2 protein chains.
Amino acid sequence: MSNAKALPLLEPSEAPAAAVPCCPPLSERPFTAEEAERTARMFKALGDPVRLRLFSAVASHEGGEACVCDISDVGVSQPTVSHHLKKLKEAGLLTSERRGTWVYYRVEPSVLAAMGQLLAVR
Amino acid sequence: MSNAKALPLLEPSEAPAAAVPCCPPLSERPFTAEEAERTARMFKALGDPVRLRLFSAVASHEGGEACVCDISDVGVSQPTVSHHLKKLKEAGLLTSERRGTWVYYRVEPSVLAAMGQLLAVR
DNA sequence: CTGCAGTTTCGATAGATGTCTATGTTGACG
DNA sequence: CGTCAACATAGACATCTATCGAAACTGCAG
């Protein structure tokens with residue numbers, strides 16, 4: 001093909017979803033529907049065992065980042081791993097960057113802090 | 001009836017699931033399959049907007065407890081509310097107690113602390 | 001240019017989940 | 001005892017989701 005412009009459209013749904021400036025602590029006041037919708041996305045992303053293992057693997061990896069090949073050993077096929085990493089990315093919990101052959105994922109530290117605040121006791 | 005022993009059988013599946021003594025911080029080391037399975041249950045329970053609103057409503061209510069009638073206004077039918085409260089209970093996030101006509105739900109404070117620890121930064 | 005390894009995307013499918021209506025249970029009150 | 005109100009359970013249904021194999025894409029090395 002030798003094309004040089006093969007991706008004319010980039011879905012904005014691919015964006016990091018801005019999960020950081022999220023919400024008040026859960027026990028401060030009842031969540032509104034909108035707050036709940038936004039916050040539930042993050043919890044839901046961590047609500048799958050495979051995703052939780054992938055997230056933990058990235059978070060605990062040296063330098064806070066890991067390439068897919070480092071963490072693919074979670075008992076499911078490689079496309080499934082990719083699928084879950086995408087979900088975590090869409091939830092704003094991970095970011096990715098391609099360096100040569102490999103793709104590296106890293107955790108967004110501010111997100112961990114934000115979720116910690118959610119669970120703070122009044 | 002004036003009975004004193006009317007509940008002969010109580011499913012153990014109804015038990016609080018012992019969510020408290022859970023796991024090390026997510027970023028300490030990669031989770032094992034078993035740890036992930038256990039921990040994901042809690043995140044999953046909070047991964048639904050309606051459940052999150054119900055949980056927030058209970059957590060922020062005076063005294064840390066609320067009767068169902070106080071928090072049922074989340075836009076779904078009454079059986080659905082009951083269903084979600086049951087899920088939260090099974091996940092070990094809420095406990096319930098009947099007092100007369102009303103059933104009161106309250107948060108397990110230790111659970112919030114445990115989940116907060118999960119998200120602690122290394 | 002061609003092949004290869006790492007990664008993502010696509011299409012399909014089985015199982016899980018959220019929601020409803022209808023019905024059951026429990027306690028309070030005449 | 002009868003009725004009403006507060007919750008819970010049961011069953012049905014539509015939608016979502018996790019998973020896989022196959023195929024496409026990307027960068028690197030001959």
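Lettering follows sequence order; numbering is per chain, from 1. Everything numeric in this text was worked out from a predicted model, so none of it was measured.
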What is the distance from [atom1] of [X] to [atom2] of [N], rounded to the nearest Å?
{"X": "R98(B)", "N": "dA6(D)", "atom1": "CZ", "atom2": "P", "value": "11 Å"}
{"X": "R99(B)", "N": "dA28(C)", "atom1": "CZ", "atom2": "P", "value": "13 Å"}
{"X": "E90(B)", "N": "dA8(D)", "atom1": "CD", "atom2": "P", "value": "12 Å"}
{"X": "K89(B)", "N": "dC7(D)", "atom1": "NZ", "atom2": "P", "value": "13 Å"}
{"X": "D70(A)", "N": "dG6(C)", "atom1": "CG", "atom2": "C1'", "value": "12 Å"}
{"X": "K86(B)", "N": "dG24(C)", "atom1": "NZ", "atom2": "C1'", "value": "14 Å"}
{"X": "E97(B)", "N": "dG27(C)", "atom1": "CD", "atom2": "C1'", "value": "15 Å"}

Selected nucleotide, minimal atom distance to [X] side chain, candidates [options]:
{"X": "C67(B)", "options": "dC7(D), dT9(D), dT7(C)", "value": "dC7(D)"}
{"X": "V50(A)", "options": "dT19(D), dC7(D), dA8(D)", "value": "dT19(D)"}
{"X": "W102(B)", "options": "dT21(C), dA6(D), dA8(D)", "value": "dA6(D)"}
{"X": "H84(A)", "options": "dT19(D), dT9(D), dT8(C)", "value": "dT19(D)"}

Hey, which sits more toward the 5' end of DNA chain D by its nearest nucleotide, P79(B) or G100(A)?
P79(B)

Walk me through whether K44(A) and R41(A) qualify under side chain to side chain contact (heavy atoms under 4.5 Å, CB included).
CA-CA 5 Å; K44(A) 189 183 219 170; R41(A) 260 196 288 270; 5.7 Å; no

Does [N] have OP1 or OP2 under 4.0 Å away from a side-chain N or O of [X]?
{"X": "T80(A)", "N": "dC20(D)", "value": "yes"}
{"X": "S82(B)", "N": "dA8(D)", "value": "yes"}
{"X": "Y104(A)", "N": "dG6(C)", "value": "no"}
{"X": "S77(A)", "N": "dT19(D)", "value": "no"}

Within the sub-3.5 Å range, which N or O atoms of nucleotides 11-17 of chain C have a protein N or O partner, and how far apart are they?
unit_1: dT17(C); atom_1: OP1; unit_2: K44(B); atom_2: NZ; d: 2.8

Are more than 12 heavy atoms, taken from residues, nucleotides or ligands other than Q117(A), located less than 6.0 Å from that residue's CD atom?
no

Look up atom OG1 in T80(A) and atom CG in L85(A), then write down how far apart they are to the nearest 0.5 Å.
11.0 Å

For residues M42(B) and A91(B), report the shortest heavy-atom separation together with the two atoms involved.
CG-O, 4.1 Å

Step by step, work out the side chain to side chain contact (heavy atoms under 4.5 Å, CB included) result for L112(A) and L93(A).
CA-CA 8 Å; L112(A) 277 184; L93(A) 298 173; over 6 Å; no

Between the side chain of R51(B) and the main-chain N/O of A45(B), is any donor-acceptor distance below 3.5 Å?
yes

If you go through the side-chain atoms of Q78(B), does one of them form a donor-acceptor pair with the base of dA8(D) closer than 3.5 Å?
yes

Check whether any side-chain heavy atom of L26(B) lies under 4.5 Å from a side-chain heavy atom of L52(A), and answer yes or no.
yes

